[in-house]
4 protein chains.
Amino acid sequence: MGRPSNQFQRKKQIVDALLAVMATTGYENASINAIAKHAGLASGLVHYHFKNKQAILVELVNLLDDTAQSRYQDLKLNASDPKQKLSAFIDSALALGQGSNQHAVAAWVMIGAESIRQEEVREIYQTVVKKNLSELQLLIRNYSKENDKKLTKKTIENIATIVYGSIEGSYQLASTASEIIPKNYAAKALKNMLFALLDAGTDVII
Amino acid sequence: MGRPSNQFQRKKQIVDALLAVMATTGYENASINAIAKHAGLASGLVHYHFKNKQAILVELVNLLDDTAQSRYQDLKLNASDPKQKLSAFIDSALALGQGSNQHAVAAWVMIGAESIRQEEVREIYQTVVKKNLSELQLLIRNYSKENDKKLTKKTIENIATIVYGSIEGSYQLASTASEIIPKNYAAKALKNMLFALLDAGTDVII
Amino acid sequence: MGRPSNQFQRKKQIVDALLAVMATTGYENASINAIAKHAGLASGLVHYHFKNKQAILVELVNLLDDTAQSRYQDLKLNASDPKQKLSAFIDSALALGQGSNQHAVAAWVMIGAESIRQEEVREIYQTVVKKNLSELQLLIRNYSKENDKKLTKKTIENIATIVYGSIEGSYQLASTASEIIPKNYAAKALKNMLFALLDAGTDVII
Amino acid sequence: MGRPSNQFQRKKQIVDALLAVMATTGYENASINAIAKHAGLASGLVHYHFKNKQAILVELVNLLDDTAQSRYQDLKLNASDPKQKLSAFIDSALALGQGSNQHAVAAWVMIGAESIRQEEVREIYQTVVKKNLSELQLLIRNYSKENDKKLTKKTIENIATIVYGSIEGSYQLASTASEIIPKNYAAKALKNMLFALLDAGTDVII
DNA sequence: TATGAATGAGTATTCATTCAT
DNA sequence: CATGAATGAATACTCATTCAT
């Protein structure tokens, strides 16, 4: 009957290794050999499980998105009103620096840059962005609805986009300038700014 | 006597070529050959003018910073009060998409990623970040002072950082997801959000 | 499971190729491509087995030393008294020109020159020199002891060094001036000169 | 009438620079640029004065030989009998380490290695060797004649060759192993060995 | 599944030499 | 004579990918 399949475990091992290696070396410099060594596997095995190097990256993008999603879902469970849900989104995204997610944050920045030049990566990256923008728009709409604000679709889009951009930018700064930026500023500062805007008179918001 | 020097012109040519090439291919994939070809030069000449590839990148970072600076200085000339000056900063940074600066924006994103792994690049990158954060803090302080708000140093730092992060994040989104984000949303949305915060009661801001 | 290792065989193949190529072209001009071609291998494989070109050279120095050692040990087996042992050393070192060791001699001269500028090579080279000087000093001491001569440590050192220098110099002449120097002069001439000195009155020797 | 020619001075400057540079880097790594910089000249000027790099090396070989010759001629002036003349040859050749001739010695070793692979260099190198061997043979013949020893031509050749080889070998050891060999051993040790041989009964010498 | 040897194209960098000024 | 910019071939080394075992 042959040995039991361990495809899943091996793939995870390899993707994790790519994450670790590319967080410090970048994607181009994360050689298959380095990835294999980090995973404790023979280099040939990497290509047995993945058609090519790009396929590992694609898998990594999915992994990072899944992780972020589940973190958000967890936090959302305890959120009862729209404001708390919006906060949950931002908090889950910007709980930077704690745990081993510094690697993930650095890798995400690299992926962002990589998606400029790799079509397939860009597609998945955009899918993730789109999903997050949609979720943010929904959360913002619900929040403003509850507060009896009537925001146009366009306004909500703009706000969601700048908020999501702020999150991505915080990743960038956390990875490249952590010594010169405040600690743990991001989530709170972004929430304050966002709610100040949403709570202001509608004439302010465009 | 002897051949006249044209170092300055050639160096500019090469740096410009790196900008153009890496905007679409990334730094690693911007081969010296590709750069030379784009500049219409022999590949050996690139190394005659630059010690190594990294030196070109360093020069490019300086160039991009200089360009951004002068754009800001220009806009600031017409700004008479603190609010206008703060606006000038954001406008000069986020006047994306117009002119040939799409390349510059994409390159800047690549540089951000590259600075995670190249010490020397990171240092210059951080210098630029630091300078911008300082300027932003000054502008915010002046604005709040004029409005009789007393913000703590820490608060000003946090606000400046999230604002600068938003700018960097907008570059990221503009480069990788321009099809799925609103057009020209960034400057206005960020300014609205920022001033909503700064104009809110001090109890809101921390 | 998996492909059987042949590292040992391949490494030998590559080192042998370096020997052959550098004997006629020098180290700098022994390109990895030339070495690979001579060994019948793909150029990339050379770097799969050796970290860099210098590592091959280091391995070659060791190989040449090993070969010389075993030649000496073989000859020493048939030597019963101190004089014969001393002769065995010189004979094993200066049995030039016969067999395929012309390449080895030329390569050794190149290595000597190379060790002036490559630290790591110089270290191994010096180790080999030191070992040979020690052995020569021991042989000379034993010989003079048997002949009731009392030579100072310093005298023995000096003699050993000039003898070893003569050997190295003979390699040089054999490689660069073989047409204009006598055939097979070296071992006999050096032995005659050395024993004339050692057998002379102690007043002669200093 | 144009400016006065300084060809001679310039050529000397360049040859001296090659000597200095190649003493530490080897011939292959002594780039024209490095030579020019060391000489304080523009790189193009080097090729104005020398057809190619090899021509500088050829000139250097001649320079080193001339220097050695004049040192020998100086010492020979004070030598009145054959023994003193023979000593003068060895002394002039082995006055190592003093003055700035360490560079010259190292360069000579490099030239020896280089002459294995460069035909033209080998030819000059051999000319120098031949001249020195002839002189040594003459000196040995005169010495033995005075002492009423009748040495065959072959014997004299052999002795001259091993003596000259010893000199070359001493250069090698002085350049690559100076830390582990005695100081100033060479001239005295070689002379003792040589005269012990020449003064021994003719039955010893073959 | 797994190993690790093998390939060959690609990359940054160096450098002798030429040439415009 | 002199400068130094320009060329283009050569070189060590890297690496994704393939393949024999």
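Protein chains get the first letters and strands the later ones, always in sequence-line order, with residue 1 at the start of each. Note that the structure is a prediction, hence the values are computed from the model and not measured.
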Just jot down the side-chain contact (heavy atoms from CB on, under 4.5 Å) partners of C:S31, sequence neighbours excluded, or say none. C:N33, C:A34
Listing, residues 116-123 of chain B side-chain donor-acceptor contacts under 3.5 Å, not counting sequence neighbours, or none:
residue : atom : partner : partner atom : Å
B:R117  : NE   : A:T25   : O            : 2.7
B:R117  : NH1  : B:E28   : OE2          : 3.2
B:R117  : NH1  : B:E114  : OE2          : 2.1
B:Q118  : NE2  : B:E114  : OE2          : 3.1
B:E119  : OE1  : B:R122  : NH2          : 3.4
B:E120  : OE1  : B:Q54   : NE2          : 2.5
B:R122  : NH1  : B:S115  : O            : 3.2
B:R122  : NH1  : B:I116  : O            : 3.1

Heavy-atom distance under 4.5 Å between the side chains of A:M22 and A:N29, does that happen here? no
If the condition is ring-ring contact (aromatic ring centres under 6.0 Å, His included), which residues does A:Y125 pass it with, not counting sequence neighbours? A:W108
Who pairs with B:E59 by side chain to side chain donor-acceptor pair (under 3.5 Å), at least two apart in sequence or on another chain? none
Quick check against the 3.5 Å criterion: does B:N52 have a side-chain atom that pairs as donor or acceptor with the backbone of B:A55? yes
Distance from A:I14 atom CD1 to A:I32 atom CD1, nearest 0.5 Å? 8.5 Å
With a 4.5 Å limit on heavy-atom distance, are the side chains of C:L64 and C:L60 in contact? yes
Sequence neighbours excluded and cut-off under 3.5 Å, please list the side-chain donor-acceptor pairs for residues 37-51 of chain C, or say none.
residue : atom : partner : partner atom : Å
C:H49   : ND1  : C:Q7    : OE1          : 3.2

Please state how far atom NZ in A:K11 lies from atom P in E:dT1, giving the value in whole angstrom units. 11 Å
Rounded to the Å, how far apart are B:K37 NZ and F:dT7 C1'? 15 Å
Nearest-Å distance, CD1 (A:I35) to P (F:dT17)? 10 Å
In whole Å, what is the span from the NZ atom of D:K51 to the C1' atom of E:dT18? 14 Å
Can a donor-acceptor pair be found, under 3.5 Å and without considering hydrogens, that links the side chain of D:Q126 to the backbone of C:T176? yes
DNA chain E in dot-bracket, Watson-Crick or G-U pairs under 3.5 Å, [ ] crossing, | other strand? .||||||||||||||||||||
Residues of residues 106-125 of chain C with any non-hydrogen atom less than 4.0 angstrom from an atom of DNA chain E: list those, numerically ordered, please. none
Summary of protein contacts for nucleotides 4-12 of chain E, nucleotide by nucleotide, where a base hit scores B, a sugar-phosphate-only hit scores S (4.0 Å, heavy atoms): BBBBB---S
Which pairs count as salt bridge (Lys or Arg N to Asp or Glu O under 4.0 Å) when at least one residue sits in residues 11-27 of chain C, sequence neighbours excluded? C:K12-C:D16
Taken to the nearest whole Å, CD1/D:I56 to P/E:dT17 is 9 Å
